[in-house]
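Quick caveat, the model's predicted, so the values are computed rather than measured.
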Amino acid sequence: MGFISRGFRGKRRDTADSGRLPPGQYLVNDYPVLSAGPTPRPNLDTWTFSIEGEIDTPKKWTWQEFLALPAETVTKDIHCVTKWSKFDTTWKGVSFDTLFEGVETAAEYTTQFSDGDYTTNLPLEDLVDGKAWIVYEYNGEPLHPEHGGPARMLVPHLYFWKSAKWIRGVRLDKEQQPGFWETNGYNNYGDPWREQRYWGD
Ligand SMILES: Nc1nc2c(c(=O)[nH]1)N[C@H]1C(S)=C(S)[C@@H](COP(=O)(O)O)O[C@H]1N2
Ligand SMILES: [Mo]
């Protein structure tokens with residue numbers, strides 16, 4: 001290992017944006033849809049977002065309460081494990097730092113759960129310090145149902161399967177609980193810069 005010479009790295013940096021594209025990925029301009037099942041259409045009158053599990057008093061917001069939380073607009077590159085990447089996607093939503101304000105927990109892990117039974121797991125530290133959001137607008141428009149509307153996760157520093165669509169909550173876990181793709185052979189962590197696509201990568 002460690003066979004990447006300075007010359008090789010220098011050459012790659014000459015290519016426009018090469019430093020932005022993780023290994024093995026290619027750029028797309030359109031916005032592919034990747035869903036493991038049908039598109040859920042939750043009723044916003046009964047929709048809630050919760051934080052539960054290892055927390056003394058679970059937190060829960062209705063859709064109206066969620067929209068009233070301080071929101072941010074962020075522009076990020078996203079990377080799907082099926083090898084497409086898309087640069088400069090713009091989203092509006094609430095950061096996990098805002099959602100976790102005042103939360104005390106002994107948990108170091110989390111599981112995100114969604115309408116349609118999709119789950120994905122992440123270390124708690126990957127959700128905080130400006131790394132993750134629950135977003136409800138894409139390019140200034142309400143998030144399309146196929147892309148996870150009414151609200152989805154955005155965790156752009158990991159492969160995009162870690163960004164659960166149709167998110168309904170986060171469970172704080174003491175132990176890691178592999179989610180839907182993680183129990184189907186995909187990597188437990190999913191760092192695109194280390195090409196952690198499959199279990200064992
Ligand atoms: N609930 C749910 N979230 C999901 C998925 C899914 O099948 N169900 N697919 C994941 C995968 S593999 C990717 S690449 C992105 C795709 O998001 P998009 O359809 O908006 O491109 O959503 C992720 N989140
Ligand atoms: Mo994906």
Hey, is R168 close enough to D115 for a salt bridge, meaning N to O under 4.0 Å?
->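 Salt bridge between R168 and D115, a charged N being under 4.0 Å from a carboxylate O: yes.
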
Can you tell me how far the [atom1] atom of [X] sits from the [atom2] atom of [Y], to the nearest 0.5 Å?
| X | Y | atom1 | atom2 | value |
| --- | --- | --- | --- | --- |
| I78 | H157 | CD1 | NE2 | 14.5 Å |
| Q112 | T120 | CD | OG1 | 6.5 Å |
| W63 | D45 | CH2 | CG | 12.0 Å |
| Q25 | S85 | CD | OG | 3.5 Å |

Please confirm whether the backbone N or O of [Y] pairs with a side-chain atom of [X], one donor and one acceptor, at under 3.5 Å?
| X | Y | answer |
| --- | --- | --- |
| R152 | H147 | yes |
| N187 | Y189 | yes |
| S35 | G37 | no |
| T98 | V94 | no |
| S50 | K60 | no |
| T48 | W61 | no |
| T110 | L124 | no |

Excluding sequence neighbours, so at least two apart, what forms salt bridge (charged side-chain N to carboxylate O under 4.0 Å, His left out) with [X]?
| X | value |
| --- | --- |
| K59 | none |
| R171 | D173 |
| K165 | none |
| R194 | D191 |

What do you reckon, is [atom1] of [X] surrounded by more than 12 foreign heavy atoms closer than 6.0 Å?
| X | atom1 | value |
| --- | --- | --- |
| D201 | CG | yes |
| E65 | CD | yes |
| N43 | CG | yes |

Any residue meeting side chain to side chain donor-acceptor pair (under 3.5 Å) with T39, in chain and number order, not counting sequence neighbours |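 Residues passing side chain to side chain donor-acceptor pair (under 3.5 Å) with T39: none at all.
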
Taking only residues two or more places apart in sequence, or in another chain, which ones meet T75 in a side chain to side chain donor-acceptor pair (under 3.5 Å)?
->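 Partners of T75 by the side chain to side chain donor-acceptor pair (under 3.5 Å) criterion, ordered by chain and then number, come out as T90.
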
So which residues get pulled into [X]'s cluster when ILVMFWY side chains under 4.5 Å apart are joined, directly or through others?
| X | value |
| --- | --- |
| Y118 | V81, Y159, W161, F180, W181, Y186, Y198 |
| V33 | none |
| Y109 | none |

Under 3.5 Å, which donor-acceptor pairs do the side chains of residues 134-146 form with other protein atoms, sequence neighbours left out?
| unit_1 | atom_1 | unit_2 | atom_2 | d |
| --- | --- | --- | --- | --- |
| H144 | ND1 | E146 | N | 3.1 |

How are the rings of F160 and Y31 set relative to one another: parallel (under 30°), tilted (30 to 60°) or perpendicular (over 60°)?
->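 Judged by the thresholds at 30° and 60°, the geometry between F160 and Y31 is tilted.
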
If you look only at pairs with a residue in residues 85-108, which of them pass as a salt bridge (Lys or Arg N to Asp or Glu O under 4.0 Å), with sequence neighbours excluded?
->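 Passing the test, one end in residues 85-108: R20-D88.
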
Can you name the ring-ring contact (aromatic ring centres under 6.0 Å, His included) partners of F66, sequence neighbours left out?
->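 Once residues adjacent in sequence are excluded, the partners of F66 under the ring-ring contact (aromatic ring centres under 6.0 Å, His included) criterion are W47, F49.
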
Checking side-chain contact (heavy atoms from CB on, under 4.5 Å) against L122, which of L127, N188, V170 comes through?
->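 Exactly one pass, corresponding to L127.
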
